[in-house]
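Just so you know, these numbers come straight off a predicted model, no measurement behind them.
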Amino acid sequence: MEKTPPAAAVEYDPKCYLCPGNERAGGARNPHYESTFVFTNDYSALLPQTPQARGSEGDLLVWENEPGICKVVCFSPRHDLTIARMDVPAIRKVVDVWVEQYVEIGALPFIDHVQIFENRGEMMGASNPHPHCQIWATGHVPDLVAKEQNSQREWLHERGTCLLCGYLALERSRGERIICENDHFTALVPYWAVWPFEAMIIGRRHSPGIDALESAERDALAQVMKRLTSRYNKLFDAPFPYTMGFHQQPTDGQDHPEWHLHAHYLPPLLRSATVRKFMVGFEMLCMPQRDITPEGAAERLRSLPE
Ligand SMILES: [Zn+2]
Ligand SMILES: [Zn+2]
Ligand SMILES: [Zn+2]
């Protein structure tokens with residue numbers, strides 16, 4: 001077990017482009033914000049003015065322009081905090097901002113999907129330790145989301161029930177893959193986990209999107225996120241890197257009773273703070289394999305203090 005250097009120890013970093021009052025690339029200056037702060041990404045991968053265009057070469061090569069919007073959400077003015085170290089009321093404010101952004105961006109006629117995601121830690125390519133997430137909104141529903149949508153839709157049409165409501169009920173009756181839960185949300189290692197300590201947060205009430213969460217549910221989401229990431233940090237006694245994000249109904253103007261809001265946590269670590277899982281060889285060519293069982297991962301996470 002190797003120790004990694006501690007995460008950012010300063011509350012304010014004069015060189016950080018996300019800290020209050022600092023200048024960003026391109027010359028914009030952050031306000032002296034006191035809780036959360038949202039701005040359009042200075043290096044947006046997607047632009048709203050992208051003209052509509054599509055084409056193909058024969059039937060083999062098909063392309064299409066993708067308009068979109070990229071935003072950054074700072075969780076806190078404090079450079080040294082993380083979701084695990086913020087208090088629940090402060091995380092609740094972040095949840096409220098996610099709801100606002102999902103509704104506001106999703107209402108734009110050229111946006112059909114809003115992806116909220118956080119890359120945490122250098123191992124996941126996060127260039128800045130300041131607590132923040134990104135929002136990428138696109139004109140199309142992205143592939144992985146469309147795949148989940150098809151599965152949920154087929155299940156609903158064939159059986160008349162929600163796939164994830166059923167899955168959560170089964171997991172709660174068994175208990176062996178549950179990490180922690182509160183009155184409204186359950187954190188578990190999914191049966192199909194590929195990353196060693198992969199997790200999902202699933203809402204107990206059927207909500208297609210984050211905007212359908214009531215006040216007590218938003219508090220509970222903030223609380224379960226803090227509890228899960230606190231356990232992660234204690235696993236190897238080091239800041240735990242991950243990519244996390246929400247999956248929910250697209251904003252394409254249609255009804256999506258099949259969609260059940262959930263969050264995925266996809267952390268790369270396997271054996272220690274420095275030994276990660278690599279998806280190589282057979283996994284790149286054939287299919288993923290598991291290094292540890294989801295039941296074993298859940299048991300280890302469950303046994304840790306929060
Ligand atoms: Zn900062
Ligand atoms: Zn459901
Ligand atoms: Zn999902």
Side-chain angles (χ1 to χ4, degrees), residues 35-36 73 75-76 81-102 116-118 120 131 133 148 152 161-193 195 197-235 239-240 242-249 259-267 294-306:
S35 60
T36 60
V73 180
F75 296 164
S76 163
L81 292 185
T82 61
I83 290 287
R85 296 181 58 221
M86 287 167 68
D87 59 28
V88 172
I91 305 170
R92 160 66 194 261
K93 284 186 184 161
V94 176
V95 174
D96 288 338
V97 169
W98 287 337
V99 173
E100 281 167 25
Q101 292 295 317
Y102 173 76
I116 299 165
F117 66 96
E118 179 190 11
R120 186 80 217 158
C133 77
E148 286 191 12
Q152 291 176 100
T161 58
C162 164
L163 189 157
L164 278 180
C165 279
Y167 174 65
L168 182 58
L170 185 148
E171 288 290 9
R172 293 190 75 222
S173 74
R174 297 186 66 90
E176 60 189 349
R177 285 178 291 272
I178 306 281
I179 301 166
C180 60
E181 61 179 12
N182 56 29
D183 286 347
H184 300 287
F185 286 90
T186 299
L188 53 82
V189 180
Y191 182 73
W192 53 86
W195 296 98
F197 295 97
E198 182 173 340
M200 278 176 88
I201 292 176
I202 308 178
R204 289 232 278 291
R205 187 172 68 86
H206 180 86
S207 302
I210 198 167
D211 55 328
L213 297 181
E214 288 163 3
S215 183
E217 292 173 313
R218 295 186 195 188
D219 286 336
L221 176 59
Q223 196 238 31
V224 84
M225 288 172 57
K226 178 180 172 70
R227 291 170 63 193
L228 174 60
T229 52
S230 298
R231 285 167 186 265
Y232 272 161
N233 287 342
K234 295 196 174 89
L235 190 61
F240 200 77
Y242 57 78
T243 280
M244 73 79 66
F246 292 95
H247 278 160
Q248 54 187 324
Q249 69 174 355
W259 260 105
H260 188 128
L261 168 75
H262 58 277
H264 293 278
Y265 283 76
L266 307 165
E295 297 78 22
E299 191 183 359
R300 282 183 66 183
L301 288 167
R302 202 165 49 232
S303 68
L304 293 165
E306 284 170 357

Asker: Evaluate the side-chain proximity of Met225 to Val94: yes if any heavy-atom separation is below 4.5 Å, no if none is.
Answerer: no

Asker: Indicate the atoms forming the closest heavy-atom contact of Ala199 with Tyr232, along with that distance.
Answerer: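 Heavy-atom minimum between the residues: CB-OH, 3.3 Å.
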
Asker: Determine whether a donor-acceptor pair (N or O, by modelled atom type, separation under 3.5 Å) exists between the side chain of Gln152 and the backbone of His260.
Answerer: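 It does hold such a pair.
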
Asker: Once you round to the nearest 0.5 Å, how far does NZ of Lys93 lie from CZ of Phe75?
Answerer: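 It comes to 15.0 Å.
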
Asker: Out of curiosity, Cys133 SG to Met244 CE, how far, rounded to the nearest 0.5 Å?
Answerer: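 Taking SG in Cys133 and CE in Met244, the distance rounds to 8.5 Å.
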
Asker: Which distance, rounded to the nearest 0.5 Å, do you find between the CD1 of Ile116 and the CH2 of Trp98?
Answerer: 7.0 Å

Asker: Could you tell me which non-hydrogen atom of Val99 sits nearest to which non-hydrogen atom of Asp211, and how far apart they are?
Answerer: CG1-CA, 3.8 Å

Asker: On a heavy-atom basis, which atom in Lys234 and which in Pro305 lie closest, and how many Å separate them?
Answerer: CD-O, 3.3 Å

Asker: Quick one, Arg120 and Ile83 - any side-chain contact, counting heavy atoms below 4.5 Å?
Answerer: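 Not in contact.
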
Asker: By side chain to side chain donor-acceptor pair (under 3.5 Å), which residues pair with Thr161, not counting sequence neighbours?
Answerer: Trp155

Asker: For Glu306 and Ser230, work out which heavy atoms get closest and say how close.
Answerer: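 That would be C-CB, 4.0 Å.
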
Asker: Do the side chains of Leu221 and Phe246 get nearer than 4.5 Å, heavy atoms only?
Answerer: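 Counting from C-beta outward, Phe246 and Leu221 do come under 4.5 Å.
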
Asker: Tell me the closest heavy-atom pair linking Phe240 and Pro267, and the distance in Å.
Answerer: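 Nearest heavy atoms, Phe240 then Pro267: CE2-CB, 3.1 Å.
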
Asker: Distance-only criterion, 3.5 Å: show the donor-acceptor pairs between side-chain atoms of residues 294-301 and protein atoms not counting sequence neighbours.
Answerer:
| from | atom 1 | to | atom 2 | distance (Å) |
| --- | --- | --- | --- | --- |
| Glu295 | OE2 | Arg177 | NH1 | 2.5 |

Asker: Hey, is the main chain of Asp87 close enough, under 3.5 Å, to the side chain of Lys226 for a donor-acceptor pair?
Answerer: no

Asker: Do side-chain atoms of Arg204 reach the backbone of Leu168 as a donor and acceptor pair under 3.5 angstrom?
Answerer: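 Checking the backbone N and O of Leu168 against the side chain of Arg204, no donor-acceptor pair under 3.5 Å is found.
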
Asker: So, Thr229 versus Arg85: side-chain donor-acceptor pair below 3.5 Å or not?
Answerer: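 Judged by distance alone, the side chains do not pair up.
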
Asker: Is any side-chain heavy atom of Arg231 closer than 4.5 Å to a side-chain heavy atom of Phe197?
Answerer: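 Arg231 vs Phe197: side chains apart.
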
Asker: Between Arg302 (side chain) and Ile178 (backbone), is there a donor-acceptor pair under 3.5 Å?
Answerer: yes

Asker: Does the pair Ile201 and Tyr265 meet the rule for a side chain to side chain contact (heavy atoms under 4.5 Å, CB included), with working shown?
Answerer: CA-CA 8 Å; Ile201 292 176; Tyr265 283 76; 3.6 Å; yes

Asker: So does Arg205 have more than 12 non-hydrogen atoms from other groups sitting under 6.0 Å from CZ?
Answerer: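 Yes, the 6.0 Å shell around CZ holds more than 12 heavy atoms from other groups.
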
Asker: So do the side chains of Glu171 and Tyr191 get within less than 4.5 Å of each other, counting heavy atoms only?
Answerer: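 Answer yes - side chains close enough.
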
Asker: Are the side chains of Tyr242 and Leu228 in touch, meaning some heavy atoms are under 4.5 Å apart?
Answerer: no

Asker: Does the side chain of Leu213 come within less than 4.5 Å of Leu261's, by heavy atoms?
Answerer: yes

Asker: Nearest 0.5 Å, what's the CG-CG distance between Asp219 and Asn182?
Answerer: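 Separation between the atoms: 10.0 Å.
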
Asker: Do you know the tightest heavy-atom contact between Pro208 and Gln248?
Answerer: O-CB, 3.5 Å

Asker: Looking at side-chain heavy atoms only, is the closest gap between Ser215 and Arg92 below 4.5 Å?
Answerer: yes

Asker: Fit a plane to each ring of His262 and His264, take the angle between them on a 0 to 90° scale, and name the class: parallel (under 30°), tilted (30 to 60°) or perpendicular (over 60°).
Answerer: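 His262 vs His264 ring planes: perpendicular.
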
Asker: Quick check for you: to the nearest 0.5 Å, what is the distance between Cys180 atom SG and Gln223 atom CD?
Answerer: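 Rounded to the nearest 0.5 Å, the SG-CD separation comes out at 8.0 Å.
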
